[in-house]
Amino acid sequence: MRRDLEKEIVGRKVKAVEVSGMRSIRRYRQRKQFIEPLLGRKFTGVERRGKYLLAKLDGGDVLVIHLGMSGQLRRAAGTKEPVTKHTHVVITFTQGGQLRFIDPRTFGEMFVTSLEGIEDEVDELAHLGLDPLESALSWDYFGELVAQRHAKLKPALMDQKFIAGIGNIYSDEILHQAGLRWDRMSDELRPEEVRRLYRAVVEVLQEGVKYRGSSLADEQYVDLHGKKGAYQDHHQVYAREGQSCLRCRRPIVREKVGGRSTFYCPYCQV
Ligand SMILES: [Zn+2]
């Protein structure tokens with residue numbers, strides 16, 4: 001999403017911003033507080049920090065975007081393209097169409113802040129952990145970090161203060177690839193298990209990007225052009241309850257943990 005967004009919006013200038021409802025801009029009391037700092041600004045680059053997209057503007061501000069559970073960013077060629085249901089924010093460029101934010105469940109959000117002020121605005125970003133896609137991470141340092149924690153592996157992987165960017169799907173896929181159960185304790189792994197986990201974190205995230213993300217019926221991920229990702233076709237465990245494990249042919253199990261589903265192979269993951 002970051003790479004596509006960069007191609008599509010960098011160099012474009014904001015002509016108008018429309019917001020329907022306040023849910024997607026809930027940090028504000030009035031629409032104009034969000035809209036005014038965007039008007040007349042040009043996008044200069046797009047960064048990602050953890051699960052946040054940072055669309056940089058000339059003048060030093062950034063448009064911060066979190067897609068939440070069901071948020072979509074969609075590029076529209078022109079103002080005449082039909083507006084889909086649950087479109088909450090529409091940014092119209094002086095030349096070259098619109099960027100639209102669609103979000104049925106409204107867990108996502110947008111706001112504008114200065115690049116320096118971003119950590120005050122979002123606590124998660126002030127304490128963000130390592131980003132395996134951004135920085136080369138040595139496995140022995142990774143091992144130290146894992147051993148310093150006393151947490152079950154799945155919640156540890158999903159803790160943004162530990163590793164940035166991993167959620168429910170990718171944590172299950174990583175743990176299957178590493179051959180580790182979700183509830184193993186992070187400080188009780190043997191060195192070869194730490195190495196397997198490290199390799200799995202890097203490989204699964206890179207594959208996820210390569211296949212342009214996972215699109216599932218309920219989570220609605222599509223790219224800027226409305227196309228689904230293909231990583232769901234490569235899932236080893238996620239949303240495969242009862243289907244056979246691609247490694248050992250035994251059925252994949254689903255367990256509810258903290259209100260969310262966890263999928264794993266009880267035979268391959270120990
Ligand atoms: Zn298996």
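Heavy-atom basis, side chains included; hydrogens, waters and symmetry copies ignored. First listed ligand is number 1; within each ligand, the first listed atom is number 1. Along the sequence shown, the residues carry numbers beginning at 1.
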*Asks:* I need the full list of side chain to side chain donor-acceptor pair (under 3.5 Å) pairs touching residues 56-66, with sequence neighbours left out, sorted by first then second residue.
*Replies:*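 Only Glu47-Lys56 qualify under side chain to side chain donor-acceptor pair (under 3.5 Å).
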*Asks:* Counting no waters, what protein N/O/S atoms lie under 2.8 Å from the Zn ion (ligand 1)?
*Replies:*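 Under 2.8 Å from the Zn ion (ligand 1) - ignoring waters, which are not counted - the protein N, O or S atoms are Cys245 SG, Cys248 SG, Cys265 SG, Cys268 SG.
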*Asks:* Taking only residues at least two apart or on different chains, which pairs with a member in residues 191-202 satisfy side chain to side chain donor-acceptor pair (under 3.5 Å)?
*Replies:*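 Side chain to side chain donor-acceptor pair (under 3.5 Å) check on residues 191-202 returns Arg184-Glu193, Arg190-Glu192.
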*Asks:* For Ser214 and His235, does a side-chain donor sit closer than 3.5 Å to a side-chain acceptor?
*Replies:*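 A pair is found: one side chain offers a donor N or O, the other an acceptor, under 3.5 Å apart.
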*Asks:* Taking ring-ring contact (aromatic ring centres under 6.0 Å, His included) as the criterion, tell me which of Phe263, Tyr211, Tyr231, Tyr238 meets it with Tyr170.
*Replies:*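 Among Phe263, Tyr211, Tyr231, Tyr238, the one meeting ring-ring contact (aromatic ring centres under 6.0 Å, His included) with Tyr170 is Tyr231.
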*Asks:* In residues 141-152, what donor-acceptor pairs under 3.5 Å come from side-chain atoms, sequence neighbours left out?
*Replies:*
unit_1: Arg149; atom_1: NH2; unit_2: Asp159; atom_2: OD2; d: 2.5
unit_1: His150; atom_1: ND1; unit_2: Asp187; atom_2: OD1; d: 3.2
unit_1: His150; atom_1: ND1; unit_2: Asp187; atom_2: OD2; d: 2.7

*Asks:* Does a donor on one side chain sit under 3.5 Å from an acceptor on the other, for Arg23 and Thr106?
*Replies:*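 Per modelled atom types, Arg23 and Thr106 side chains form a pair under 3.5 Å.
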